[in-house]
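Just follow the structure's listing: the first ligand is 1, and inside any ligand the first atom is 1.
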Amino acid sequence: MAAMRIGILGSGSVGQTLADKLLTLGHEVTLGSRSEANPTGTAWAEAAGPHGHNGTFADTAEFGELVINATLGAVALAALEAAGAKALAGKVLVDVCNPLVFAADGTVTLDPVNDDSMGERIQRAFPDTRVVKALNTLSAPVMVDPTRVPGRHQLFVAGEDAGAKREVTALLESFGWPAADIVDLGGIQAARGLEMLMPFWLSMMRHHGHTDFNYAFQVAG
Ligand SMILES: NC(=O)c1ccc[n+]([C@@H]2O[C@H](COP(=O)([O-])OP(=O)(O)OC[C@H]3O[C@@H](n4cnc5c(N)ncnc54)[C@H](OP(=O)(O)O)[C@@H]3O)[C@@H](O)[C@H]2O)c1
C-alpha cells in the first residue's frame with residue numbers, strides 16, 4: 001500500500017510496536033499521548049528518525065490520514081474526545097482497545113460487555129468516523145509479525161464501512177497477514193465477541209507463560 005501519514009493514539013507497548021512496524025513499511029507516524037512532553041512518546045520520536053513524531057492526542061488525530069486507537073480501553077472515549085471529533089471525521093479509525101477492568105484481587109472483567117462493546121460505543125460517539133475493530137485479539141508482537149506463531153491462524157475485522165475494512169485489510173496484509181486469514185465478521189456489533197475473547201486470551205497467556213499464540217479455526221468445506 002502507498003505510504004500514509006498514520007496517527008497512533010496511545011504510547012504504550014501496542015502503540016510503540018505498531019509505530020515501529022509502520023515506520024519500517026515507509027509510513028510517517030505520530031505517536032500520541034495526553035501530553036506532548038510524555039517521556040515515552042518523546043523518546044520514541046527521538047529514536048525514530050525524521051518520519052516519527054510525537055504529540056498530543058489532538059495533534060495525532062489531526063496528523064493521521066488513518067488513525068489507530070491504542071489507548072487504555074477504560075479511558076478510550078476520553079482519549080478520543082481529546083483527539084477531537086472534527087479531526088477524526090471521515091477517517092478510518094482502527095480500534096485496537098479492550099475495555100478491561102482490573103480489580104484489586106487480580107480479577108479482570110470487561111465494561112461494557114455482552115450487549116455492548118467499546119468498538120460500538122466509539123462508533124456511536126463518533127458517527128462521522130469509520131471505525132474498524134481489529135488487532136485486539138493478539139499480542140502486540142504477533143500483530144506485526146504473524147510468523148511468531150506457526151501455521152495458519154486468524155485475525156478479524158468488524159465495522160460498518162466496507163471501504164474502511166478494505167483499507168485496514170490492506171494494512172494488515174502489509175504486516176504479513178495472508179488475506180485468507182483476515183476474517184471479516186461484519187458490522188461493528190461483532191466487536192462484542194472480539195472484546196469478550198480477552199478474558200479467555202488472558203487465561204491462555206497464563207497457561208502458556210508467553211503471548212506467542214493465536215486463534216486458528218478449522219472450517220469444513
Ligand atoms: N498489550 C497488548 O499486547 C495488547 C494486545 C491487544 C490489545 N491491547 C489493547 O490495546 C490498548 C493499548 O494497550 P497498551 O498496553 O499499549 O496500553 P497502555 O499502556 O495500557 O495505555 C496506552 C495509552 O492509554 C493512555 N491513557 C492512560 N490513562 C489515560 C487517561 N486517564 N486518559 C486518557 N488516556 C489515558 C496513555 O496515555 P499517555 O501516553 O498520556 O500515558 C497511553 O498512551 C489497550 O486497550 C489494550 O487492552 C493490548
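By the 4.0 Å heavy-atom criterion, Ala78 is excluded from the residues contacting ligand 1. Contact between Met143 and ligand 1 is present, with at least one heavy atom of the residue lying under 4.0 Å from the ligand.
A donor and an acceptor atom, one from each side chain of Asn98 and Trp201, are nowhere located under 3.5 Å apart.
The ligand atoms of ligand 1 that sit less than 4.0 angstrom from a heavy atom of Gly10 are 23 (C), 43 (O). Heavy-atom proximity to Ser139, at under 4.0 Å, picks out these atoms of ligand 1: 3 (O).
The aromatic rings of Phe217 and Phe156 lie perpendicular to each other, with more than 60° between the two planes, well past the 30° mark. Aromatic ring pairs are classed by plane angle as parallel below 30°, tilted from 30° to 60° and perpendicular above 60°; the pair Phe213 and His208 is tilted.
Nearest to atom 3 (O) of ligand 1 among the protein's heavy atoms is Ala140 N, 3.2 Å. For atom 21 (O) of ligand 1, the nearest non-hydrogen atom of the protein is Leu72 N, 3.7 Å.
Using a 4.0 Å cut-off between a side-chain N of Lys or Arg and a carboxylate O of Asp or Glu, Lys133 and Glu195 qualify as a salt bridge. A salt bridge links Arg192 to Glu120: one of the charged nitrogens lies within less than 4.0 Å of a carboxylate oxygen. At a threshold of 4.0 Å, the pair Arg166-Asp184 does not count as salt-bridged, since none of the basic side-chain nitrogens sits closer than that to a carboxylate oxygen.
Smallest separation of non-hydrogen atoms from Glu173 and Ile182: CG-CD1, 3.7 Å. Here the shortest heavy-atom pairing between Phe57 and Gly10 reads CE2-N, 3.7 Å.
Under 4.0 Å from ligand 1, the heavy atoms of Asn38 that appear belong solely to its side chain. When heavy-atom distances to ligand 1 are checked against a 4.0 Å cut-off, Leu138 comes that close only through its backbone atoms N, CA, C and O.
Of the listed options Glu36, Arg34, Met198, Gln16, Arg34 places a heavy atom closest to atom 27 (C) of ligand 1. With atom 10 (O) of ligand 1 as the reference point, the heavy atom nearest to it among Val96, Asn69, Leu9 is part of Val96.
Judged purely by atom type and a 3.5 angstrom limit, Thr40 has no side-chain atom pairing as donor or acceptor with the backbone of Ser11.
Checked against a 3.5 angstrom limit, the closest N/O atoms of Val14 and ligand 1 fall inside it. Residue-to-ligand polar distances keep Phe57 apart from ligand 1: every N/O pair is separated by 3.5 Å or more. Looking at ligand 1, you'll find an N or O of Asn98 within less than 3.5 Å of one of its N or O atoms. The shortest N/O to N/O separation between Ser11 and ligand 1 falls below 3.5 Å. Among the atoms of Ala79, none of the N or O lies under 3.5 angstrom from an N or O of ligand 1. In terms of N/O distances under 3.5 Å, ligand 1 is approached by Gly73. Taking any N or O of Ser13, backbone or side chain, at least one lies under 3.5 Å from an N or O belonging to ligand 1.
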For the pair Glu62 and Lys86, evaluate salt bridge (Lys or Arg N to Asp or Glu O under 4.0 Å) and give the outcome as yes or no after the intermediate values.
CA-CA 9 Å; Glu62 189 68 42; Lys86 198 167 160 215; over 6 Å; no
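Here the options are Glu28, Arg5, His27, the test is side-chain contact (heavy atoms from CB on, under 4.5 Å), and the partner is Glu65; only Arg5 passes.
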